[in-house]
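Residue numbers begin at 1 in each chain, while the letters A, B, ... track the order of the sequences.
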Amino acid sequence: MTDFLKGLNPVQHQAVTTIAGPVLVIAGPGSGKTRVLTFRIAYLLSQGVKPSSILALTFTNKAAREMKERIGHVAGSNASRVWAGTFHSLFSRILRIEAEEIGYPADFTIYDTEDSKSLIGSIIKEWNMDKEAYPTNGIRNRISSAKSNLLTPKAYEMNAEQMANDAASRIPQFYKIYTEYVARCRKAGAMDFDDLLLQFFRLLQEKPEIAKKYRERFQYVMVDEFQDTNFLQYGILKKLTLYNGSPRNICAVGDDAQSIYAFRGATIDNILDFEKDFAGLQTFKLEQNYRSTKHIVEAANKVIGYNKRQIRKTIWTDQDEGQKIKIIKAINDTEEGRRVIDAIMELKTRDHLPNHEMAILYRTNAQSRIFEEHLRRHNIPYKIFGGQSFYQRKEVKDLIAYLRTVVNYRDEEALKRVINFPKRGIGNSTMSQMAELAAAESITLWDALVKAGPLTRSGKSIVKFIEMMNGFREKTETLNAYDLALWVAKESRLYDEYASDHTIEGISRKENIQALLDGIQEFTESDEEEYTGEVKDKSLASYLQNIALLTDADEGVDETDFVSLMSVHAAKGLEFLAIFLVGLEEQLFPSFMSMNSQDEIDEERRLFYVAITRAKAHLWLTFAQSRYRYGQMRYNEPSRFLEEIDTDNLEDTGGMVQELEAASTPKARVGGAPRPSVQVAASVRAIDPATFRPSPSNEIEAGMKVLHMKFGEGEVMMVDGARDNRVATIFFKEIDNPERRIMLKFAKLMIVE
DNA sequence: AACTGTCGGGTTTTT
DNA sequence: CCCGACAGTT
């Protein structure tokens, strides 16, 4: 019955079979984390736990799907009835049932980021506020973070610290926008992404009998990637598992070293608080890495050692040394692409690696283009994950907006999107009037349109539009989701609008509309809920709520053997035989947006750690000396993270190792003697990256005092070599082995005097 | 109301 | 470079 446990190592075994009470599993990369999670569920099932009383929360749909599939392998058909899915998807499903309890319609719509920004933009415009001072993006982030910290608009206004902060940031009106935003979402019968968590929290908080229902139902709660949970998500977990008489069966799995969503409010404080909140917590550390070879594991350990705050653990492997990590230095971004594809071709022909064992990872999605071009040129099948998802394309959103308006006439953002597309003579000035009317009479935008009637020239168009939409609404009674969507696409003239466009873009738009319709049809035909295994609600409203949470278009790829291209964030949790981590340059990785504090740099470093630990056997690190950015050629230095890898783990090709060594390690050692490890003494005072401005290398001369980010203050003893090859001997008094030879081309030094 | 051209700004990671 | 916002024109 529990034969499947045999393949586990002792710690894994304990983590799987300790099912009573709170459990924390700290799981290093490649340590069999997913295995532990899935086996744990299988073990619960084997012990007679009902599948529907297990709640398994993940962060991505992909992770959830994979988990269910793997439970299926171990536990059979029971697996499909386990509630396994993302926080957002599972809670939205519950909210759909319970929404009316907290004043939302069951057919509430979900505002995506674009809708939220658009709504904030409208508010700022309607109130004639300065949009320089109140940028929609920043306001949205602030609202999101307020919600994630359980600060309601009222609590926000009462919070002196927040208000002082806003005053100092010259956005004293922020709380008013926040208040209005929340009111407008409510009026529109809409929840944004954060609401899916926040409203569920409120439900548990304010409705004891409902809280009781879900507490009784979810006897076993499991959370994957616990390091990425925010305050609100942890709050929900506590609501579900901490109450009088609770069995407190909660199991959190995570790795502080892989926390990469701090920018979104995730905090590893949750891991630290977990111990305090759940007395008797049992902690298991999975430290053996089964994924990668020694060179990769050693490099990863070395790099992450530069981070300050972390939970102590030792990741080790008993695998072979394996191949050393290869570095590619390219002249520019085009050459970087070419050389990565050359390496891919070599892996294919010489090592016979299939495409699906190779991935190109980058910091920003925008970097994918060049690799795409080269792959296409070589006829290598590839798939890009992330980036603009199918459901975010204009034409797809247009049709969805029609459907949203049909389902929920209060949905203001959807209404604004469709009212004059295709053009029907209802322009901006009319809509501004309507918005004013709606505000003045406290009615919805839709009701304002109805009320306006045929008073002006545009009024006739409005009446026609309303009649059309009402016609659609009546059809919901008789048509299924697919037939209705088809009817709407045709009747609204949206389909014709795209079909009459014969440019390449237009054709692809039409195809996307078609693909969306196909997707709706598929939805109406399958019977089981993907994440809960329950009988599916096939209404149009249910469909819309479903797709609002999808990011990757799960379009079936014709090819099954493709090279994967994705951001490092998207790669979390995955593994490949060969990884190409590209664009390793200062400003890009670490990103210039995240160089303002030590904490931000540390998060970038964790991201780098996540990236390199995806590789099982082959790892390439590449950088370009120049690349196009905002239409201009930019020159960047190699990423600091390259210097942080021990040169012993790097393959010596093209002189790269010497260059990096010169940049960051002591003078060349003799023969094969063990080299002193590059330990930075703890006494080096922290240098604030914000004020650190490297001086041009050609200005550095003997006798100067300089600052180095890692080594602190130093005195230049001498400089030898010429132009590009100038090497300085510098005495850094704050570190062990104070005398360092540094290749000026690579080092970042700031002249002090 | 709709279309056209110009200007200036931003520019990360994701449910 | 690639958007979107805006002003000016039809």
### Query
Do A:Arg376 and A:Glu372 meet the salt-bridge criterion of a basic N to acidic O distance under 4.0 Å?
yes

### Summary
Ranking C:dG4, B:dT12, B:dA2 by distance to the side chain of A:Lys423, first place goes to B:dA2

### Task
Assign each of A:Tyr261 and A:Asn137 to its nearest nucleotide of DNA chain B by heavy atoms, then name whichever residue's nucleotide is nearer the 5' end.
A:Asn137

#### Entry: Euclidean distance, atom CZ of residue A:Phe592 to atom P of B:dT12 [Å, nearest integer]
6 Å

### Message
Please check: side-chain N/O of A:Gln199 versus main-chain N/O of A:Asp194, any donor-acceptor pairing under 3.5 Å?
### Response
no

### Message
Could you check whether any side-chain heavy atom of A:Glu600 comes within less than 4.5 Å of a side-chain heavy atom of A:Phe263, counting everything from C-beta outward?
### Response
no

### Short side-chain N/O contact from A:Thr113 to OP1 or OP2 of B:dT15, under 4.0 Å
no

### Message
Measure CE/A:Met593 against C1'/B:dT13 and give the value in whole Å, please.
### Response
10 Å

### Task
Please figure out whether A:Ile260 or A:Met431 has its closest DNA chain B nucleotide nearer the 5' end.
A:Met431

### Message
When you measure from the side-chain N and O atoms of A:Asn420 to the phosphate of B:dA2, is any distance below 4.0 Å, counting only OP1 and OP2?
### Response
yes

### Query
Which whole-number value in Å describes the distance from A:Arg627 CZ to C:dC1 P?
17 Å

### Query
From the list B:dT15, B:dT13, B:dA1, which nucleotide is the closest neighbour of the side chain of A:Phe193?
B:dT15

### Rounded distance in Å - CD (A:Gln367) to C1' (C:dC1)
15 Å

### Message
Just to be sure I understand the rule, does A:Phe87 reach a base, reach only the sugar-phosphate, or reach nothing, if contact means heavy atoms closer than 4.0 Å?
### Response
nothing

### Contact under 4.0 Å: A:Ser567 side-chain N or O vs B:dT14 OP1/OP2
yes

### Query
Should the pair A:His569 and A:Tyr261 be assigned to parallel (<30°), tilted (30 to 60°) or perpendicular (>60°) ring geometry?
tilted

### Task
Indicate whether OP1 or OP2 belonging to B:dT14 is found under 4.0 Å from a side-chain N or O atom of A:Asn365.
yes

#### Entry: Donor-acceptor pair present, A:Arg363 side chain and B:dT13 base, under 3.5 Å
yes

### Message
Using whole Å, what does the distance between atom P of nucleotide B:dT13 and atom CZ of A:Arg264 come to?
### Response
13 Å

### Message
Could you tell me how far apart A:Ile370 (CD1) and C:dC1 (P) are, to the nearest whole angstrom?
### Response
13 Å

### Per A:Ala570 side chain, nearest of listed nucleotides B:dT14, B:dT12, B:dT15
B:dT14

### Task
May I ask you to verify if any side-chain N or O of A:Thr430 is less than 4.0 angstrom from the OP1 or OP2 atom of B:dA1?
yes

### Summary
In whole angstroms, the gap separating P of C:dG4 from NZ of A:Lys125 amounts to 14 Å

### Message
Taking 5.5 Å and 30° as the limits, would you call A:Tyr628 and the base of C:dC1 a stacked pair?
### Response
no

### Under 3.5 Å: donor-acceptor pair, side chain of A:Arg606, backbone of A:Ser259
yes

#### Entry: Shortest side-chain distance from A:Thr364, nucleotide among B:dT14, B:dA2, B:dT12
B:dT12

### Task
Check every atom of B:dT12, B:dT14, C:dG4 against the side chain of A:Ser591 and return the nucleotide holding the closest atom.
B:dT12

#### Entry: Donor-acceptor under 3.5 Å (A:Arg614 side chain, A:Val610 main chain)
yes

### Task
Could you please name the option among B:dA1, B:dT12, B:dT13 that lies closest to any side-chain atom of A:Ser594?
B:dT12

### A:Met595 CE to B:dT11 P, straight-line distance once rounded to whole Å
18 Å

